[in-house]
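Just so you know, residue 1 is the first one in the sequence shown, and it goes up from there. Reckoned from all heavy atoms, side chains included, excluding hydrogens, waters and symmetry mates.
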Amino acid sequence: EYTAEAGSPLLLLGGPGSGKTALLFAAALEAAGEGRGPVLFLTRRPLQSLPRGRRAALDPLRLQKIRFQYPPSTHELLQLLCSAHEARGPAPSLLLLDGLEEYLVEDLGPQEAAYLAALLLDTAAHFSHRIGAGQGCGLIVALQIQEEGDSGEALQLSLVQRYFPAQCWLHVDASGPGQHCLRACLDPGGQGPRAEWWLAFRPDGEMTVTPWPAQAGKPSSDKGSSSEGQP
């Protein structure tokens, strides 16, 4: 929602199991329910299961507006992005890429990694131009961060961050409210103040968002906002 409104591409960063895919899918469902254009969801591997959560969020009409594509390699991903300029039909209102690290791992040098990041931005800008002024196409890219990466991975991360000044870091937080809780730290890259939230997933898959630190550490049902569930 932040990206779609502000028009600033967002880089979603976190370790394994930090909820990146869950948040991307939640963003896809939210955008699909706003009555705008379709959502383009790029990922190397198909999702193993749909998220749980509110029935309204999993409405078939919403799911039909999410177009999944699975480029199996960096070459196919680049071809898909380049061909997006020639695609017919409604332009996507949101472009999502899950697992950028799986494409960067293919022995991409700094120049190739920078080209991929720039092409993602260019594709989203093209979709925005097709949609017209006042709306635009949001862009969210998820990248998995290893605790101990080598120098090559650090250089690639540094290059990607130059193209995505707005970044959101996800951390698993066992002290937060809920059985599965994440701490999300958003740095909008100079477009606003930094912000932090707790994202708690209930056993039924419902996700609650609470400002961090929460008052008394126990958010009530009317605090924050509820969104879709976790895949």
Side chains of Thr43 and Tyr70 in contact at under 4.5 Å (non-hydrogen atoms): yes

Approximate separation, where rounding is to 0.5 Å, of Leu143 CG and Leu12 CG: 9.5 Å

Heavy atoms from other residues, nucleotides or ligands near OH of Tyr115 exceed 12 (cutoff 6.0 Å): no

Side-chain touch Leu182/Val172, heavy atoms, less than 4.5 angstrom: yes

Identified side-chain contact (heavy atoms from CB on, under 4.5 Å) counterpart of Val160 within the set Leu13, Val141, Leu11, Leu120: Leu11

Exam field: side chain Gln144 to backbone Glu101, donor-acceptor pair closer than 3.5 Å: no

Closest non-hydrogen atom pair, Leu10 against Cys168: CD1-N, 3.9 Å

Distance, nearest 0.5 Å, that separates CD of Gln156 from CG of Leu100: 8.5 Å

Heavy-atom pair of closest approach, residues Ala166 and Ser8: CB-OG, 3.7 Å

Main-chain N/O of Leu116 paired with Tyr103 side-chain donor or acceptor, under 3.5 Å: no

Flag, side chain of Arg44 to backbone of Glu102, donor-acceptor distance under 3.5 Å: yes

Closest approach of Phe25 to Phe68 (non-hydrogen atoms, all atoms of both residues): CE1-CZ, 3.6 Å

From Ile140 atom CD1 to Phe41 atom CZ, the distance as rounded to the nearest 0.5 Å: 9.5 Å

Shared hydrophobic cluster, Leu97 / Val105 (ILVMFWY, side-chain heavy atoms < 4.5 Å): no

Contact summary for Leu29 and Arg62, nearest pair of heavy atoms: O-NH1, 3.2 Å

Test log, rule side chain to side chain contact (heavy atoms under 4.5 Å, CB included), inputs Phe127 and Leu139: CA-CA 10 Å; Phe127 289 148; Leu139 172 63; over 6 Å; no

Gap separating the CZ atom of Arg162 from the CG atom of Leu157, nearest 0.5 angstrom: 11.0 Å

Heavy-atom closest contact (Ala91 atom, Ile131 atom, distance): CB-CG1, 3.9 Å

Backbone N/O of Gly15 and side chain of Lys20: donor-acceptor pair under 3.5 Å: yes

Side chains of Ile145 and Trp169 in contact at under 4.5 Å (non-hydrogen atoms): yes

Which atom of Leu94 lies closest to which atom of Cys137, heavy atoms considered: N-SG, 3.9 Å

Backbone N/O of His171 and side chain of Ser18: donor-acceptor pair under 3.5 Å: no

CA sep, side-chain torsions, deciding dist, call: Leu95, Leu42, side chain to side chain contact (heavy atoms under 4.5 Å, CB included): CA-CA 8 Å; Leu95 173 59; Leu42 307 178; 4.0 Å; yes

Straight-line distance of Arg183 CZ to Leu199 CG, nearest 0.5 Å: 11.5 Å

Side-chain donor/acceptor of Glu112 to backbone N/O of Gly109, under 3.5 Å: yes

Heavy-atom side-chain proximity of Asp122 to His85 below 4.5 angstrom: yes

Interatomic spacing from CG in Leu96 to CG in Leu24 - rounded to 0.5 Å: 5.5 Å

